[in-house]
Structures are given as structure tokens and as C-alpha cells.
Amino acid sequence: MTVPAVIPVSLLAAFLIAASAALQQRAAGRTSFATRVDHARAVPGPRLLAELAREPVWVLGWVANLGGFCVQAAALHLGSVAEVQPLMVCQLLFALPLGLVGTGRRMSAGAWWGAAGVCAGLAALLSARGRLPAATGMDEPRLVASIVAVAAVAGVLTTLSRDRSPAARAALFGLAAGLFCALSAVLMKEATEQLLTEGLLGAMSHWEGYAVAAAATCSLLLGQAAYACGPLAPAVTAMNITNPVVSYVLAVLLYGVPAPGTAGQLLGVTFGAALITAGVVLLARAPALPRPTGQLP
């Protein structure tokens, strides 16, 4: 059976974004945001991005992220949001080993078992749902409501991060970043279709393209805060749980992508989700994982 083109394209996007995460975390851990006295209560702002923009390692990571963003757009053109975003969970499998390059450390057995659990869960999840149709006919009023809801929840998560431990702050910022990642994927699909059908000038007359930029900026800022204030594992783990789950929910709500209905599908999705959750938990608890500069292991 021929492998759908959307699968290798999505995996390439996941690898590029994972490389970006590993590089950007190294740079973010050296910023003033990561070392300020009121670190436990600090909230990221434009100054963090301005400081990171002067770091060559971060710029290289940003280039990798931009490449991943473009490849992800191509994947979304080839398939549905509900197909592409679960494959983006593979960022976790790529990011953690890449984050250890040059540190002299190795991933623990628990981390590898966690990676295997994520892979097995993805296989079960995608097999149970079968081939999904490309989504069409997006519900615009629901999209606007989704944007408001994502912004509100992200604001709550950012507020809750204050006075938490470094790992908890990284996870909460990661959750907020993951929400905006999922939202930007939906908006990106709309903007890409408008660009291909109406050209650049036509696409510029629609608001979705500008919303993509806003959502991507929020995701970038919150993601850098997650990398700066805690270990890489909880940050990337939180993003990788939130992104595909919220993306699938948005695909069901906005595009009418069919939710699992039969007993076999429900069992497969439940089993796959359990494996992914168990794998992510193992990865998050593994000791040999990268941390920002200056943080104790």
C-alpha cells in the first residue's frame, strides 16, 4: 500500500520544529528572563524576543522553525488538520535526543520506552480512525469563538504559572503555546488555501493570514518562555499533548471532520491515547533530559 504523501511531509515538519526547539531552548536558558530575580513570577514580553534575536543559536533555531512552518503548511494542503497534527507529536521523539547533542548525556531507558509508547500510540490512533477526508467548509463564526476561547484559556494558564516550580511553569507555558500552535494550524490551512486559489493580493484581503501571524507570535513567545524557565521535557511534552488534541477538536468543531463513532474506533482511539499519555509521562519523568543553562539536574 502506498504511503500517503502527507505522512513523510508531516514528519519532516516535525523534525525541523524539533531541531528548532532544541536550539532555541539552549539560547532561551541564557536570557535575562531565565535569570531574573523574580523569575518565578515573570511573564514573557517583547523584550524576551528582542534579546533572543541577538543570539546566533536562536536565529538558527528560528530558521529551522520557519522551515518546519512552511513544510507543515504543505502537509496541511495535502491532508486534513486532523491527519497532520497528530503526526506533529513526533516532535517530542526528535527534540529530546537533539537537545542532548553536545552535552555528554544520553537518554535514559525510561525515555526510550516513553518514545516507543508515543510511536505505538500514534500508530493505533491513526489506524483506528482510518483515512480522513480533507476538511472543507469551515464554520467562520465558530472559528472566531475558538480564537477568543484559546486566548482566554492561554491567559489563565499564564496567570497560574506564577510562583510555580520551574518544571510546572515550563509545562503551563507549554500548554498555552500548544493552544496557539493548534489554532495557527487551523488558520494556516485557511490562509494557504486562500493564497493558492486567489493569489497573494487576494489572500491579503482576508483576515485569516494576519490571524496566523498573531497566533504564531503568541505561540513563539510562550514557547520561548517555557524553554527559558524550566526543563525541555515538560515544555515540549505539554506542547505535544495540547497541539494535536486541540487541533483534532477544532477540526471536528470547525470543519465537520467525523468524530470516532464505532465501537472499534472508540477502542482504538482510547488505546492509542492511553499509550501516548503513558509514553509522554515516561518522557517527562526521565532524568537524562536537557535543561536550560544553569538549572540543576
For a quick test of reading the model, state the closest non-hydrogen atom pair linking [X] to [Y] and the distance between them.
X	Y	answer
Ala53	Val59	O-CG2, 3.5 Å
Leu179	Ala154	CD1-N, 4.0 Å
Val212	Ser184	CG2-O, 4.4 Å
Val6	Ala75	CG2-O, 3.5 Å
Phe94	Ala18	CB-CB, 3.4 Å
Ala235	Ala226	CB-CB, 3.8 Å

Which residues end up grouped with Val148 if you chain together Ile, Leu, Val, Met, Phe, Trp and Tyr wherever their side-chain heavy atoms are less than 4.5 Å apart?
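Members other than Val148 - counting any ILVMFWY side chain reachable under 4.5 Å - there are none.
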Would you say CZ of Phe15 has more than 12 non-hydrogen atoms from neighbouring residues, nucleotides or ligands within 6.0 angstrom?
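No, CZ of Phe15 has 12 or fewer neighbouring heavy atoms, counting only those of other groups under 6.0 Å.
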Value rounded to 0.5 Å, distance of [atom1] in [X] from [atom2] in [Y]:
X	Y	atom1	atom2	value
Leu12	Cys70	CG	SG	11.0 Å
Leu16	Phe69	CG	CZ	13.5 Å
Leu195	Met188	CG	CE	12.5 Å
Leu220	Asn65	CG	CG	7.0 Å

Quick one, [X] and [Y] - any side-chain contact, counting heavy atoms below 4.5 Å?
X	Y	result
Tyr227	Val236	yes
Leu175	Met239	no
Gln24	Glu55	no

Please confirm whether the backbone N or O of [Y] pairs with a side-chain atom of [X], one donor and one acceptor, at under 3.5 Å?
X	Y	answer
Arg162	Thr158	no
Ser219	Ala215	no
Thr31	Ala28	yes
Arg142	Leu253	yes
Arg169	Ser161	yes
Thr242	Gly178	no

Starting from [Y], can I reach [X] by hopping between I/L/V/M/F/W/Y residues whose side chains sit under 4.5 Å apart?
X	Y	answer
Ile17	Val71	yes
Val153	Leu187	yes
Leu222	Leu157	yes
Val144	Val246	yes
Leu172	Val156	yes

Go through the steps to decide whether Trp58 and Glu51 satisfy the test side chain to side chain donor-acceptor pair (under 3.5 Å), and finish with yes or no.
CA-CA 10 Å; Trp58 187 87; Glu51 186 176 350; over 6 Å; no
Show, in sequence, the C-alpha distance, side-chain angles and deciding distance for Cys229 and Phe173, and conclude whether the side chain to side chain contact (heavy atoms under 4.5 Å, CB included) test is met.
CA-CA 9 Å; Cys229 68; Phe173 279 131; 3.7 Å; yes
Working note: Leu250 + Ser146, criterion side chain to side chain contact (heavy atoms under 4.5 Å, CB included); need CA distance, chi angles, decisive distance, verdict.
CA-CA 8 Å; Leu250 289 175; Ser146 298; 3.6 Å; yes
